[in-house]
Amino acid sequence: MSYDLVIKNAVVHTAADTFASDIAIKGEKIAALGTDLKTEGAKVLDAKGLEVVPGGIDVHTHLDMPFGGTTTADDFVSGTTAAACGGTTSIIDFAIQKKGEELRTGLETWHKKAQSKSAVDYGFHMIITDLPENKVKEMDKVVDEGVASFKLFMAYPGVFMSDDATIFRALLRTKENGGMVCMHAENGGVIDVLIQKALAEGKTEPKYHALTRPMTAEAEATHRALALAEMAGVPIYIVHLSAGDAMEEVRRARERGLPAFAETCPQYLFLSYEDYEKPNFEGAKYVMSPPLRPKGNEDRLWKGLNNDWLQVVSTDHCSFCFHTKGEKPGKEMGRKDFSKIPNGAPGIETRLLLLWKAVQEGRLSVNRFVEITSTTPAKLFGLYPRKGTIAPGADADLVIWDPKKKHTISVKTHHMNVDYNPYEGVTVPGSIREVLVRGKRVVENGKFAGTTTHGTFLKRGPRSTKMLDSAAASARRPQLEEVIK
Ligand code: URP
Ligand code: ZN
Ligand code: ZN
């Protein structure tokens, strides 16, 4: 067989192994691995001295999302271009059901936002804001359309927050349809009281965003989410986990054998509460929920990543400019009131760079890097083995690193449509030289070379239920069995 492209002399890292190999690509797929693969008729890319990993999968992005009185700075065009430049070859973005709307209507809106506007492959989770009993079957239709995961919120009362009954209804339905619930776990009621109290006392600066969202509010909600999933007998995935105390809840659930999973994000590993205290309202750049935690917390999260108490690093990319730009109010609209600062920060382009730095500094093995940025996200969200590994038959989604070249993160060079970078000036020992999405080179010699029409919709299957559901059933406290089969 003749190949289209052969990457020669690479050092390949997967979640399981590191080995020397050529990688042969035919069309959109990896066709063969091995040494001395035939190159006749093929384009050859010599990767001597370079390192290859599977394309990153970012399962938590918000592109073109109306939120907090404005709309995110990045749409699918700029967001996925930035993703590609940062080595992310697939994203899962969040489609939103408006209150009173059918789930599928919200999904159609997001299809229109993304179609023919994406440089990388994309799928969706469905945000549920309204789920009375007579609507639960709408979840099944969404799963049938390849959107096999749902986000519910225990925070943002009056906007996204669901009560426990709604959450429990959704969890129970995933037992029928094979979907998975992704939970924003913060106690929204408590936080709202604390916000009102702070504002009444004239405490308006950005740091009060963090001080009104205590770790315990996250740990309590995480505990409750895990308990609700246990009672429903289904797996659950906690999104953007920030607090070490919340992680302990996940750890305890997993030690009891429950199929509980959690992601953290680079901001919780590389930034801290102290950033909110920067002068001139700079702290607003870091306003996100859950908030950054005090220094020292990040060490607990690194330990959790290395011990599989946390399984994924995603970005929660939700970019807002600092300054108001055109019709999109920026972070500065909260100058007099921290609760009006739009929640979210950019990161779609910097996730792999920051974690690669962590690998070079010995905080993470390179194989664990692959596992938490690509393989496990693919497995949990119905994309494996098409994506998430380097093997014959998999999509040729690859990132080629040059370990000899440094990359300094900066607003001056990033591709995100946002006027600051939370990691400004951080230097990474290594740089992304080539990125392939389904066999097509979208980054060549460190420069974007793709198109924003190449990305296709990823229709995802329901989770592979057998293993996870039997874990849920066997770890569940048994007296529930009579009412919930
Ligand atoms: O601050 C955040 N995280 N903004 C995005 C919305 C969310 O809760 O994920
Ligand atoms: Zn959230
Ligand atoms: Zn989010």
Side-chain angles (χ1 to χ4, degrees), residues 58-74 79 83 91-97 106 110 122-129 149-162 167 170 180-188 191-192 195 206 208-210 212-213 217-218 221-222 225 236-243 246 262-269 271 273 275-276 283-293 312-322 328 330-331 333-334 338-348 351 377 381 416 418 422:
D58 186 351
V59 297
H60 192 146
T61 68
H62 301 280
L63 299 176
D64 203 358
M65 179 176 80
F67 188 50
T70 183
T71 300
T72 54
D74 282 299
I91 61 164
I92 308 186
D93 201 78
F94 289 86
I96 303 179
Q97 172 211 27
W110 252 260
Y122 61 93
F124 299 121
H125 312 280
M126 187 80 229
I127 288 180
I128 295 179
T129 58
S149 42
F150 303 90
K151 183 175 179 189
L152 284 96
F153 291 78
M154 300 168 110
Y156 304 127
V159 185
F160 287 143
M161 187 166 130
S162 293
I167 292 168
M180 177 139 81
V181 167
C182 303
M183 188 64 76
H184 180 130
E186 285 186 294
N187 186 318
I191 289 166
D192 225 30
I195 291 173
Y208 290 105
H209 170 76
T212 54
R213 304 184 92 92
E218 189 183 358
T222 303
I236 189 163
Y237 181 87
I238 308 293
V239 294
H240 48 44
L241 186 148
S242 74
E263 63 177 23
T264 189
C265 310
Q267 50 269 36
Y268 305 122
L269 297 164
L271 305 172
Y273 167 80
D275 288 307
Y276 293 117
K285 295 177 177 173
Y286 309 92
V287 165
M288 64 189 79
S289 296
L292 302 177
R293 302 300 184 184
V312 172
V313 175
S314 67
T315 62
D316 191 10
H317 175 85
C318 185
S319 56
F320 299 103
C321 285
F322 184 71
K328 291 184 182 175
K331 295 263 183 188
M333 74 171 154
F338 69 87
S339 73
K340 296 205 165 59
I341 302 169
N343 282 207
I348 202 166
R351 177 183 66 134
F381 291 102
M416 300 179 288
V418 61

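Order of appearance sets the numbers: ligands from 1, and atoms from 1 within every ligand. Sequence positions, counted from 1, serve as the residue numbers for this chain. What you see is a predicted model; the values in this text were computed from it and never measured.
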Is the terminal nitrogen or CZ of Lys331 (NZ for Lys, CZ for Arg) located under 6.0 angstrom from the six-membered ring centre of Phe320 and within 45° of that ring's axis?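 Judged by the rule (NZ or CZ under 6.0 Å from the ring centre, within 45° of its axis), Lys331 is not positioned above Phe320.
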Residue and atom, protein N/O/S, under 2.8 Å of the Zn ion (ligand 2):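 Listed by chain and number, the nearby protein N, O or S atoms are Lys151 NZ, His184 ND1, His240 NE2.
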State plainly whether the residues Glu218 and Arg213 are in salt-bridge range, i.e. N to O under 4.0 Å.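 Salt bridge: no.
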Which heavy-atom pair separates His62 from Phe94 by the least distance, and what is that distance?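 Result for this residue pair: CE1-CD1, 3.5 Å.
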Heavy-atom pair with the smallest gap, counting every atom of Trp110 and Asp93: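 Residues Trp110 and Asp93, closest heavy atoms: NE1-OD2, 3.1 Å.
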Nearest 0.5 Å, please: how far is OG1 in Thr61 from NE2 in His317?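 Reported value, rounded in 0.5 Å steps: 7.5 Å.
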Can you measure from CZ (Phe150) to CD1 (Ile127) and round to the nearest 0.5 angstrom?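 Rounded to the nearest 0.5 Å, the CZ-CD1 separation comes to 12.0 Å.
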Is there side-chain contact between Tyr276 and Tyr208, with heavy atoms separated by less than 4.5 Å?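 Sidechains of Tyr208 and Tyr276: no contact.
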Side chain of Tyr237, backbone of Lys151: donor and acceptor closer than 3.5 Å?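 Not at all, since once roles are kept as given, no pair shorter than 3.5 Å links the two residues.
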Hey, does the side chain of Ser162 reach the backbone of Leu152 with a donor-acceptor pair shorter than 3.5 angstrom?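 No, the answer is negative, given that no donor and acceptor are paired below the 3.5 Å cut-off.
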Which atom, among the N/O/S set of His62, is closest to the Zn ion (ligand 3)?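 Per the distance ranking, His62 contributes NE2 as its closest N/O/S atom to the Zn ion (ligand 3).
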Specify whether Phe67 and Phe160 have parallel, tilted or perpendicular ring planes, treating 30° as the upper limit for parallel and 60° as the lower limit for perpendicular.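 Parallel.
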For ligand 1, what are the residues with a heavy-atom contact below 4.0 Å?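 The answer is His60, His62, Phe67, Lys151, Phe153, Tyr156, His184, His240, Met288, Ser289, Asp316, Cys318, Asn343, Gly344, counting any residue whose heavy atom sits under 4.0 Å from ligand 1.
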